[in-house]
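Here is the structure we will look at, set down as C-alpha cells.
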Amino acid sequence: AVHGIGVFDGVTRLEAGGAIKDYIKIRYDKRDVLYVPVTQLDQVTKYIGPHSDDRPVKLSRLGGADWEKAKSRARGAAKDIAKQLIALYTKRASATGHAFAADDDLQQDFAARFPYEETSDQLRCIDQVKADMESPHPMDRLLCGDVGFGKTEVALRAAFKCAAEGKQCAVLVPTTILALQHYQTAKARFDGFPIDVRMLSRFVPMAEQKKTFAGLKRGSVEVVIGTHRILTRDLQFRNLGLIIVDEEQRFGVEQKEKLKERFPDVDVLTLTATPIPRTLNMAMSGVRDMSTLEEAPQDRHPVQTYVLEHNWGLLAQAIRAELKRGGQVYYLHNRVEGIHKTAAKLQELLPDARIGVGHGKMREDELSEIWRRLLEGELDILICTTIIETGVDVPNVNTLVIEDADRFGLSQLHQIRGRVGRSARRASAYLTFRRGKELTDVASRRLAAIREYTQFGSGFAIAMRDLELRGAGNIIGAQQSGHMEAVGYEMYLRILEEAVCELKGEGHVETAAPCLIDLPEDAHIPDGYIRSVPQRLGIYRRIAEIHTQADADDVTDELIDRFGEPPEALMGLIKIALLRAAAESLGMTEIRRDNNRLLMFLTELDPIRFRALTERFTGRVTLSAKGKTHIALRIFPQDNQLAVLKAALDELRG
C-alpha cells in the first residue's frame with residue numbers, strides 16, 4: 001500500500017542482537033529490495049489484476065512517484081463512480097414504483113410445489129427480492145450465484161408474485177436457446193396456475209409472435225421470455241411490473257439501461273453467474289443491492305476431476321461408461337480447424353455413438369439446432385469449442401473431456417467444468433494435456449488448483465481472481481477497470497469504499513497507522529514446525545492480523561489443532577502482535593530497543609497516563625522531544641522485556 005507493486009522473493013531469516021527473525025523479501029524495479037518484518041505482513045497484500053506470462057505486471061520503483069500518482073488517479077476515478085452510483089441510488093430511492101402486497105395463499109402454494117428443498121441461501125435471497133418488491137421504491141437488485149445454484153427459482157418466485165397481482169413480467173435473455181430453456185422451465189413451474197407464459201425469439205413463427213404482442217398489450221399474457229425482441233419499441237405492455245435480466249454472462253449493460261430508461265418505475269432483477277466477491281459487495285454496500293447464493297443444492301455432487309496426459313484409449317473407455325448409463329458427453333476441442341478430424345477419430349473409436357459438432361463460426365440457427373438435438377437426447381457426444389461456457393443447461397451431460405486444458409485460464413476451466421454435474425448424478429471431468437509436452441510452471445499450477453478445488457461452489461471459495469476481476473468489471477464499468485489494474489484489486493476496493501463512505505457523509509473510519517516493533521526477541525516460526533512456505537506465510541498473516549486476546553486465542557487453538565504445541569519463538573510472535581495492536585491504539589509508530597532502554601515513539605501523549613507510567617516505573621522513564629517524540633524506559637538484566645512493555649502499555653492505556 002505504501003511502496004507499490006513488487007515481487008515476493010521468499011522469506012529471509014536474519015539475526016540481529018542475538019535474536020532470530022523472519023522477513024519477507026520484496027523485489028522492486030531497478031533491483032531495489034525491501035525487507036518487511038513478518039509482524040507487518042498485514043501491510044502486504046497480493047496484487048490481483050490481469051497479467052499473464054507474456055504480459056507481466058509493471059513493478060513500482062522504491063521511493064518513486066509513479067505509485068502515488070496511480071493511487072491518486074484511482075482515487076479520482078473511484079470518487080466519480082461513487083458519485084454516479086449515489087446519484088442513481090438517490091434517484092431510485094426517491095422514485096415511486098408499485099408496492100406489491102405481501103404473499104398470500106396462492107404464493108405459498110406455488111412455493112410448496114417446488115420439487116426440491118430450498119437452500120437457506122435461496123430462502124434468504126427470495127425474502128430479499130420480495131421485500132424489495134413490497135417496498136414503494138423500484139427494485140434494482142443483482143442476484144449473483146455460481147452456475148447451478150438455483151438463481152432461476154428465485155427469479156420464478158418473483159415472476160409469480162408479480163403475475164399473481166395481475167401485473168406483467170418480462171424476462172430478457174441473451175440467446176434464443178436460453179429463452180427456450182427458461183420458457184420450458186417456467187411453463188412446467190407455472191403449470192396448474194392461471195398464468196399465461198409466452199416466448200419471443202426467432203424460433204417463434206411470426207403469427208404466434210403477433211398473438212403474443214396483442215396479448216401483452218391487452219394484458220392477457222402475464223409472463224414473456226425472450227431475447228432483445230422484447231426491447232423493440234413496437235412491443236407494448238399493459239401493466240409491466242417486473243423485468244428480469246438474465247445476463248448469464250455477456251449481456252450488454254446498454255440494453256439493460258435502455259430498459260430502465262423506458263420503464264423507470266418498474267422493478268428490475270438481474271441474474272449473473274459471475275461471482276461478485278464479498279469485499280466488493282461491502283465496498284459498495286448501500287449503493288447497490290446485491291444478493292448472493294453461495295450454497296450448493298443438497299442433491300448435487302462435486303465434479304470428480306482428473307488431470308492426465310491425453311490418451312485416446314482411456315478417454316474412449318470413460319465416454320463409453322457415460323453412454324452406457326444413458327448420459328451424454330461434452331468433448332472440448334478449442335480449434336475450429338481440427339474439430340472435424342477429432343470428430344472422425346471419436347466416431348472411429350465409438351462407432352455407435354451419435355456425434356455432433358458445435359463452434360462459434362456456425363450460424364446461430366445451426367448452433368441452436370445442435371443444442372436442441374443435445375437437449376432432446378438425439379446426440380450422445382457434442383464436440384465443441386468454448387461455446388459451452390455460455391451454453392444451455394443440459395442436466396444429462398455428465399462427462400466432460402477438455403483437450404489442451406493447460407491453455408485455459410483458471411476461471412474459464414472452472415466455468416466450463418460447471419457445465420457438467422447439473423443433476424443428482426456424479427459427474428466427471430477429464431482435463432488432458434498433450435503427450436510429451438512440457439507444461440509451463442503456470443499451467444501445471446493452474447491444473448493442480450482446479451484438481452484440488454473440486455468442492456462445490458469453489459467459484460466463490462477459491463482465488464478465482466480473474467473471475468472476481470470480471471465480476472468487479474461488470475459492476476464498475478470498463479472505464480474504471482484500468483484504474484483497478486493500476487493499483488490492484490484490493491487496493492482499489494479500499495479506495496472505493498473510502499470514496500463511498502465520504503460521499504455518503506459517513507466519514508471513513510481511519511484505521512490506526514501501523515506500528516513497527518523491532519526488539520531482540522526470538523519471534524519466528526521454526527521450519528520444523530511448519531514445513532510448507534505458503535502455509536507458514538498464511539500463519540504469519542493470521543498473526544499479523546491479531547487485534548484482541550480473543551484473536552490470539554483463536555490462532556493459538558488453530559495452531560495446536562493443525563501443527564501441535566507451538567514453540568516458544570512462535571508464542572513470542574503472538575505476544576508481539578498483541579503488543580503492536582495495543583501500541584497502535586495509543587498512536588505509537590515504532591517501538592525498538594536501544595542498549596538497555598525500550599524506546600516508544602508516539603504522535604501524542606496523555607499527560608495523566610504518562611504520570612501513571614512514571615509512578616509505576618519510578619526513576620526508569622524519560623520523555624524526549626528531540627527529533628521524534630519518544631518515551632525511553634530502562635530495562636534491567638533480570639527483566640522480561642515483553643512483560644515490561646505490556647505493563648507500560650497497560651499504564652498508558654489506563
Side-chain angles (χ1 to χ4, degrees), residues 177 301-362 366-408 412-423 425-439 443-444 446-447 450-451 454:
I177 196 77
H301 305 287
V303 178
Q304 273 182 316
T305 307
Y306 306 96
V307 176
L308 66 159
E309 214 174 76
H310 194 283
N311 175 323
W312 279 116
L314 199 144
L315 293 173
Q317 205 180 323
I319 293 171
R320 218 174 274 121
E322 181 61 67
L323 302 186
K324 213 168 167 184
R325 66 172 186 175
Q328 291 161 289
V329 176
Y330 285 136
Y331 187 102
L332 197 139
H333 172 98
N334 209 26
R335 285 178 312 284
V336 177
E337 310 80 74
I339 204 162
H340 291 285
K341 200 171 153 194
T342 303
K345 176 74 180 167
L346 263 181
Q347 192 74 75
E348 189 189 311
L349 290 165
L350 304 154
D352 299 333
R354 295 165 300 166
I355 297 175
V357 171
H359 55 78
K361 289 194 176 163
M362 290 166 77
E366 291 177 302
L367 260 181
S368 298
E369 176 59 14
I370 289 280
W371 280 120
R372 186 199 60 72
R373 290 177 63 201
L374 192 73
L375 267 168
E376 292 177 11
E378 291 172 21
L379 289 177
D380 297 317
I381 304 169
L382 176 64
I383 300 181
C384 55
T385 57
T386 47
I387 53 157
I388 57 169
E389 225 188 326
T390 53
V392 185
D393 186 358
V394 188
N396 198 38
V397 177
N398 279 309
T399 289
L400 162 74
V401 178
I402 302 182
E403 266 188 29
D404 295 328
D406 51 303
R407 292 183 172 198
F408 293 92
Q412 206 176 12
L413 282 172
H414 173 75
Q415 206 123 9
I416 293 166
R417 187 180 61 180
R419 288 279 146 211
V420 293
R422 312 293 302 256
S423 67
R425 246 186 209 179
R426 169 71 81 178
S428 309
Y430 297 86
L431 277 53
T432 73
F433 51 90
R434 293 242 181 123
R435 216 182 177 127
K437 181 180 175 191
E438 277 292 309
L439 289 185
S444 48
R446 217 182 268 150
L447 293 179
I450 200 96
R451 183 203 278 143
T454 51

- [ ] Quick one: closest heavy-atom pair of W371 and I387, and the distance?
- [x]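 Minimum heavy-atom separation between W371 and I387: CZ2-O, 4.3 Å.
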Open item on the list: Please find the pair of heavy atoms, one from N398 and one from G421, that lie closest to each other, and give the distance.
Closed with: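 What the structure gives for the nearest pair is OD1-N, 3.1 Å.
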Exam field: side chain [X] to backbone [Y], donor-acceptor pair closer than 3.5 Å:
| X | Y | answer |
| --- | --- | --- |
| T432 | I402 | yes |
| N396 | L374 | no |
| E403 | N334 | no |
| N311 | L314 | yes |

Would you give the length of the straight line joining atom [atom1] of [X] to atom [atom2] of [Y], rounded to the nearest 0.5 angstrom?
| X | Y | atom1 | atom2 | answer |
| --- | --- | --- | --- | --- |
| T399 | Q328 | OG1 | CD | 11.0 Å |
| R373 | L382 | CZ | CG | 10.0 Å |
| I339 | Y331 | CD1 | OH | 10.5 Å |

- [ ] Using a strict cut-off of less than 4.0 Å between a Lys/Arg side-chain nitrogen and an Asp/Glu carboxylate oxygen, indicate whether E322 and R325 qualify as a salt bridge.
- [x]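 Yes.
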Less than 4.5 Å apart, any side-chain heavy atom of [X] and any of [Y]?
| X | Y | value |
| --- | --- | --- |
| T386 | F408 | yes |
| M362 | I370 | yes |
| H333 | K345 | no |
| D404 | R434 | yes |

Open item on the list: Test side chain to side chain contact (heavy atoms under 4.5 Å, CB included) on H310 and F433; report intermediate values, then the result.
Closed with: CA-CA 6 Å; H310 194 283; F433 51 90; over 6 Å; no
- [ ] Go through the steps for I319 and L346 under the test side chain to side chain contact (heavy atoms under 4.5 Å, CB included), then give the verdict.
- [x] CA-CA 10 Å; I319 293 171; L346 263 181; 3.9 Å; yes
Can you give me every donor-acceptor pair (side chain of residues 348-359, partner residue at least two apart or in another chain, under 3.5 Å) with its distance?
from : atom 1 : to   : atom 2 : distance (Å)
R354 : NE     : D380 : OD2    : 3.2
R354 : NH1    : G377 : O      : 3.3
R354 : NH1    : E378 : O      : 3.4
R354 : NH2    : G377 : O      : 3.1
R354 : NH2    : D380 : OD1    : 3.0
H359 : ND1    : K361 : N      : 3.2

TODO: Can you establish whether the number of heavy atoms outside Q317 located under 6.0 Å from its atom CD is more than 12?
DONE: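 No - once you tally the heavy atoms of other residues, nucleotides and ligands closer than 6.0 Å, there are 12 at most.
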Task: Contacts of Y330 that satisfy ring-ring contact (aromatic ring centres under 6.0 Å, His included) - sequence neighbours left out - done: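 Testing Y330 for ring-ring contact (aromatic ring centres under 6.0 Å, His included), a comparison that skips the adjacent residues, returns none.
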